[in-house]
Amino acid sequence: MTPRLRPDLDDLPVYVPGKTYPGAIKLASNEVTFGPLPSVASAIADAVSSINRYPDNAMVELTEALAKKLGVTSTEVQVGCGSVTLCQNLITVTCRPGDEVLFGWRSFETYPIATRIAGATPVQIPLDDGLGYDLPAMAKAVTDKTRLVFICNPNNPTGTVVSRDDLVAFLRAVPDDLVVALDEAYIEYTRLGAAQDYDALELRREFPNLVVLRTFSKAYGLAGLRVGYAVADPAVITALGKAHIPFSINTLAQRAAVACLAADDELLARTDAVVTERVRVTAQLRTLGYRVPESQANFVWLDLGSEALPFAQASTEAGVIVRPFDGDGVRVTVTEVDENDAFLAFAADWARRRG
Ligand SMILES: *Cc1c(COP(=O)(O)O)cnc(C)c1O
């Protein structure tokens, strides 16, 4: 007997995480190389003694700390078990089966998977020639079935950002009750020029339908603890609260995130070194002949087309794990000099062999 499951999920791909091999350099998941700060490690250690109790389901301390830092009220913040969970819950609270979720493609793999799990329909608009989100094309693709838009900025996996003018024009063009989620998982790594620089929290004043998604997994280095958050209109936050899986942000994660916020300056200062390396790695890859768009995140994208899989396979064999996207390209996390150099040595070797 075959268990009876939803047949529409049969052809749904399973999320493919970055691979890990003992001894290899892992540049596949956009993590930071640093372990937690001593203050964060000790907050986690202190919290261990209370794990016989359920976590605070309302996440009061963390929510208030975030609200204070961001200059919003607690009613505008929802913490989630990683921002992937908030992506999924946003779909759940906006879509019924048959409704449409609009986003650029290629982009974050969670969007199409979570959309299909909810029984909604993904509408994927190809990136523009510069491998960035094509917001004018997306605005045209909005229909009366569109319930949610994801704008991944910077875009995972290409690292590109939209311009402020395009973003504002998009928000003006779409219905003002359409929920637009700006996924800013990598915002701490952006060093934007005047044409791109925007403040999502500021934009929310003009566009209350805007939802800002951020995470402690990347620049804050808590990928293993699973904490993300949404900033949105209280009506959206109330709905997200209904979809929230009870107690899904554990006590260690809540305490660690609060400690990270207290050490904000130190953690954010670390992003400067990655930004410096990003510029160096990009320049060197271009010199080697690779097509690499300018990245504003802690990774670079190699536009390799059909070479993506063989390139990633050979890189793994050379001891550096990168993230291939079949037929499209390879995403490589930028970390510290030694690790980046190991990848660049492989990339130089590959370019030489391919002539
Ligand atoms: C890493 C990432 C996230 C955050 O994931 P968490 O669940 O918070 O670890 C969200 N969006 C994008 C685009 C990402 O790359």
Side-chain angles (χ1 to χ4, degrees), residues 13-21 24-33 82-84 87 103-113 124 126-128 130-133 150-161 183-190 215 217-219 223 271 274-275 277-286 288-336 339-347 350-351:
V14 172
Y15 181 87
V16 185
K19 294 196 168 58
T20 306
Y21 299 104
I25 295 173
K26 187 186 177 199
L27 303 180
S29 299
N30 302 340
E31 299 146 332
V32 293
T33 48
S83 57
V84 287
C87 291
F103 46 89
W105 197 253
R106 186 169 281 279
S107 192
F108 191 34
E109 278 183 294
T110 289
Y111 304 153
I113 297 175
Q124 309 183 181
L127 299 182
D128 64 20
L131 300 179
Y133 260 57
F150 283 110
I151 300 174
C152 191
N153 202 58
N155 184 39
N156 176 4
T158 58
T160 51
V161 290
D183 186 342
E184 297 192 322
Y186 302 96
I187 194 70
E188 296 86 359
Y189 291 103
T190 60
T215 179
S217 295
K218 306 290 160 49
T271 61
V274 169
V275 170
E277 277 296 278
R278 173 174 83 203
V279 172
R280 181 180 77 95
V281 169
T282 302
Q284 202 145 327
L285 287 171
R286 286 177 178 166
L288 290 168
Y290 292 95
R291 184 176 176 225
V292 182
E294 186 182 323
S295 170
Q296 289 288 343
N298 66 337
F299 54 80
V300 292
W301 172 254
L302 283 67
D303 189 20
L304 289 164
S306 59
E307 294 271 84
L309 285 187
F311 179 96
Q313 181 61 35
S315 181
T316 300
E317 282 159 17
V320 182
I321 307 167
V322 297
R323 182 72 168 273
F325 294 89
D326 194 9
D328 256 5
V330 168
R331 191 194 68 201
V332 185
T333 309
V334 174
T335 61
E336 30 191 316
E339 292 195 341
N340 301 332
D341 277 346
F343 171 68
L344 287 170
F346 164 75
W350 174 275

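- Of the possible donor and acceptor atoms, one in the side chain of Thr316 sits under 3.5 Å from a partner among the backbone N and O of Ala312.
- Within the model, atoms OH of Tyr186 and CG of Asn30 stand 3.5 Å from one another, a figure rounded to the nearest 0.5 Å.
- Counting only residues at least two apart or in different chains, salt bridge (Lys or Arg N to Asp or Glu O under 4.0 Å) contacts with residues 301-313 comprise Arg291-Asp303, Glu307-Arg354.
- Here Leu27 contributes atom CG and Asn298 contributes atom CG; the two are 10.5 Å apart, rounded to the nearest 0.5 Å.
- Pairing each heavy atom of Gly130 with each of Pro293, the nearest pair is O-CB, 4.2 Å.
- Residues Ser107 and Gly104 come closest through the heavy atom pair CB-O, 3.2 Å.
- Residues Phe108 and Tyr111 place their aromatic rings such that the two centres sit under 6.0 Å apart.
- Between Asn340 and Arg280 the shortest heavy-atom distance is CB-NH2, 3.9 Å.
- For Thr335 (side chain) and Thr33 (main-chain N/O), no donor-acceptor pair under 3.5 Å exists by modelled atom type.
- Put simply, the side chain of Asp328 reaches to within 4.5 Å of the side chain of Trp301, judged on heavy atoms.
- Distance CD/Glu277 to CD/Gln284: 9.5 Å, rounded to 0.5 Å.
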Does the pair Arg331 and Asn156 meet the rule for a side chain to side chain donor-acceptor pair (under 3.5 Å), with working shown? CA-CA 9 Å; Arg331 191 194 68 201; Asn156 176 4; 2.8 Å; yes
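- Taken from CG in Asn153 to OG1 in Thr160, the straight-line distance is 7.5 Å, to the nearest 0.5 Å.
- In this structure a side-chain-to-backbone donor-acceptor pair under 3.5 Å is present from Ser315 to Val320.
- Contact detail for Ala308 and Val330: the closest heavy-atom pair is O-CG2, 3.5 Å.
- Within the model, atoms CD1 of Ile321 and CD of Gln313 stand 11.0 Å from one another, a figure rounded to the nearest 0.5 Å.
- Pairing each heavy atom of Val322 with each of Pro324, the nearest pair is O-CD, 3.4 Å.
- A donor-acceptor contact shorter than 3.5 Å links the side chain of Arg278 to the backbone of Gln296.
- Nearest heavy-atom pair across Pro154 and Ala297 is CB-CB, 4.1 Å.
- If you look at Phe150 and Tyr133, their ring centroids are not closer than 6.0 Å.
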Check against side chain to side chain donor-acceptor pair (under 3.5 Å), Thr271 and Glu188: CA-CA 7 Å; Thr271 61; Glu188 296 86 359; over 6 Å; no
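- Between Phe346 and Phe343, the angle of the ring planes lies from 30° to 60°, which puts this pair in the tilted group.
- Considering only heavy atoms from C-beta on, Phe299 stays 4.5 Å or farther from Arg323 through its side chain.
- If you take CG on Leu127 and CZ on Arg106, they are separated by 9.5 Å, rounding to the nearest 0.5 Å.
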